[in-house]
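Here is the structure we will look at.
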Amino acid sequence: MTQIEKYKAFLMSLPRGSLTKEQLFVEELLLDEQPNMSIYYVPYEYVNAEAKVMIIGITPGFTQMEIAIRSARDDLLSGVPLARIDQRAKKLGSFAGSMRSNLIEMLDGIALSNQLGITSCRALFEERRDLLHTTSAIRYPVFQQGKNYTGHSPSILKSELLYLYAENILLPELQEVKDALIIPLGKAVSEVVQAFVSKDWLNGERCLFDMPHPSGANGHRKKQFEQHKETMQRKVNDWFGS
């Protein structure tokens with residue numbers, strides 16, 4: 001399912017090249033707004049229901065939003081079929097930048113690549129994208145006073161607006177990608193997934209809860225990873241049956 005038709009005219013009107021906040025933080029892309037918080041559209045509706053691994057971030061940041069919107073604009077101008085635009089935008093934008101390298105390093109560190117039969121989890125973002133579904137606790141970019149929402153102040157569970165997005169969009173995604181190992185990144189996302197497990201909406205055996213968020217701003221990432229590395233590797237082995 002894609003909403004790209006709804007936004008097609010505006011996206012095609014955007015200028016060539018990289019895009020700024022001034023060009024993207026606009027009424028045409030605004031989905032919801034509260035004091036100090038805004039949620040914007042991004043073409044991320046593609047769901048890979050056959051994935052074997054599902055990685056969940058907090059919400060797309062501006063870097064991811066800009067890449068995805070630019071990808072959709074270029075695809076529309078090039079005549080790419082509408083049904084493929086979300087898939088292509090997500091492939092380019094999800095965990096783009098240093099986060100992706102940090103994430104790959106951690107996934108390889110718990111030997112996930114061995115269980116998937118690939119040399120490195122880098123392949124998940126390239127030639128073996130068929131094995132991966134990426135998403136966020138809040139599918140669409142959330143900003144507080146123009147800055148990336150970090151999952152705190154308020155937490156997703158304490159925000160009526162954000163929790164509605166999580167329950168109405170993330171939960172059906174989790175249930176649709178039914179055979180995947182679920183990897184929530186960081187405490188803020190794990191709390192949301194654990195809330196679904198506690199309500200018996202989701203099987204906790206599918207969930208790898210101790211993976212730190214791969215953001216470079218997470219100064220405790222390496223320490224947290226080492227503390228939970230062995231437990232996570234056992235969980236991976238148990239899920240994939242070896």
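Below, all heavy atoms of this structure are taken into account, side chains as well, without hydrogens, waters or symmetry copies.
A donor-acceptor pair under 3.5 Å is absent between the side-chain atoms of N148 and the main chain of G61, judged by distance alone. Side-chain atoms of S190 come within 3.5 Å of backbone N or O of G186 as a donor-acceptor pair. Looking at Y163, its side chain never comes within 3.5 Å of a backbone N or O of S155 through a donor-acceptor pair. Q115 places no side-chain N or O within 3.5 Å of a backbone atom of L112 that could act as its donor or acceptor partner. Judged by distance alone, the side chain of K90 and the main-chain N or O of T134 form a donor-acceptor pair under 3.5 Å. A donor-acceptor pair under 3.5 Å is absent between the side-chain atoms of R139 and the main chain of Y165, judged by distance alone. In this structure, the side chain of Q23 does not engage the main chain of L14 through any donor-acceptor pair within 3.5 Å. Not one N or O on the side chain of Q194 forms a donor-acceptor pair closer than 3.5 Å with the backbone of F209. Of the possible donor and acceptor atoms, none in the side chain of K91 sits under 3.5 Å from a partner among the backbone N and O of R129. A donor-acceptor pair under 3.5 Å is absent between the side-chain atoms of R221 and the main chain of H213, judged by distance alone.
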Can L132 and R128 be said to form a side-chain contact (heavy atoms from CB on, under 4.5 Å), step by step? CA-CA 8 Å; L132 177 67; R128 293 310 310 271; over 6 Å; no
Output, in order, the C-alpha distance, side-chain angles, deciding distance and verdict of salt bridge (charged side-chain N to carboxylate O under 4.0 Å, His left out) for R88 and D86. CA-CA 5 Å; R88 287 162 60 89; D86 285 68; over 6 Å; no
Applying side-chain contact (heavy atoms from CB on, under 4.5 Å) to D74 and R16, what does each step give before you reach the verdict? CA-CA 8 Å; D74 292 349; R16 293 278 191 178; 4.0 Å; yes
Step-by-step side-chain contact (heavy atoms from CB on, under 4.5 Å) determination, I56 to V192: CA-CA 11 Å; I56 311 172; V192 175; over 6 Å; no
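Side-chain atoms of L19 and R73, non-hydrogen and from C-beta on, do get closer than 4.5 Å to each other. A heavy-atom distance below 4.5 Å is not found between the side chains of E27 and F10. The shortest distance between side-chain heavy atoms of K52 and L181 does not fall below 4.5 Å. Two residues are said to be in side-chain contact when any heavy atoms from C-beta on lie closer than 4.5 Å; I58 and L185 fail this criterion. You'll find the side chain of F225 stays beyond 4.5 Å of the side chain of E105, heavy atoms only. With a 4.5 Å cut-off on side-chain heavy atoms, Q64 and F95 do not count as touching. The shortest distance between side-chain heavy atoms of Q233 and E230 does not fall below 4.5 Å. Side chains of T63 and M99 form no contact here, defined as non-hydrogen atoms less than 4.5 Å apart.
Residues L11 and I39 fall within the same hydrophobic cluster, defined by Ile, Leu, Val, Met, Phe, Trp and Tyr side chains chained together at heavy-atom separations under 4.5 Å. Cluster membership check: Y41 shares its hydrophobic cluster with L82, using side-chain heavy-atom separations under 4.5 Å among Ile, Leu, Val, Met, Phe, Trp and Tyr. Cluster annotation: L31 and L170 are assigned to the same hydrophobic cluster (Ile/Leu/Val/Met/Phe/Trp/Tyr, side-chain heavy-atom contacts under 4.5 Å, transitive). Cluster membership for I4 and M12, using ILVMFWY side-chain heavy atoms within less than 4.5 angstrom, is shared. Residue V26 is grouped with residue M37 when hydrophobic side chains (ILVMFWY) are merged at heavy-atom distances under 4.5 angstrom, including chains of intermediate members.
Considering all non-hydrogen atoms of both residues, P214 and N102 come closest at O-ND2, 2.9 Å. Y44 approaches G93 most closely through the heavy-atom pair OH-C, 3.1 Å. Of all heavy-atom pairs spanning H133 and V47, the tightest one is CE1-CA, 3.4 Å. The shortest heavy-atom contact between P43 and A68 is CG-O, 3.7 Å. Residues L24 and L29 share a closest heavy-atom pair of O-CD1, 3.5 Å. The two residues P212 and Q224 make their nearest non-hydrogen contact at CB-OE1, 3.4 Å.
The local environment of NZ in K147 is sparse, with at most 12 non-hydrogen atoms from other residues, nucleotides or ligands closer than 6.0 Å. Within a 6.0 Å radius of NZ in K21, more than 12 heavy atoms belonging to other residues, nucleotides or ligands are found. A 6.0 Å sphere centred on CD of E50 holds no more than 12 heavy atoms belonging to other residues, nucleotides or ligands.
To the nearest 0.5 Å, the span separating CD1 on I182 from CG on L174 amounts to 4.5 Å. Summarising the geometry, atom NZ belonging to K8 is positioned 8.0 Å from atom CD1 belonging to I85; distances are rounded to the nearest 0.5 Å. Distance check: I55 CD1 to L103 CG gives 4.5 Å after rounding to the nearest 0.5 Å. Distance check: L124 CG to R100 CZ gives 10.5 Å after rounding to the nearest 0.5 Å. Considering CG of L131 and CZ of F125, their distance stands at 11.5 Å, rounded to 0.5 Å. The SG atom of C121 lies 6.0 Å from the CG atom of L116; values are rounded to the nearest 0.5 Å.
Among V189, L161, I138, T59, the one residue that satisfies the side-chain contact (heavy atoms from CB on, under 4.5 Å) test with I156 is I138.
If you check the side chains of Y40 and E33, you find no donor sitting under 3.5 Å from an acceptor.
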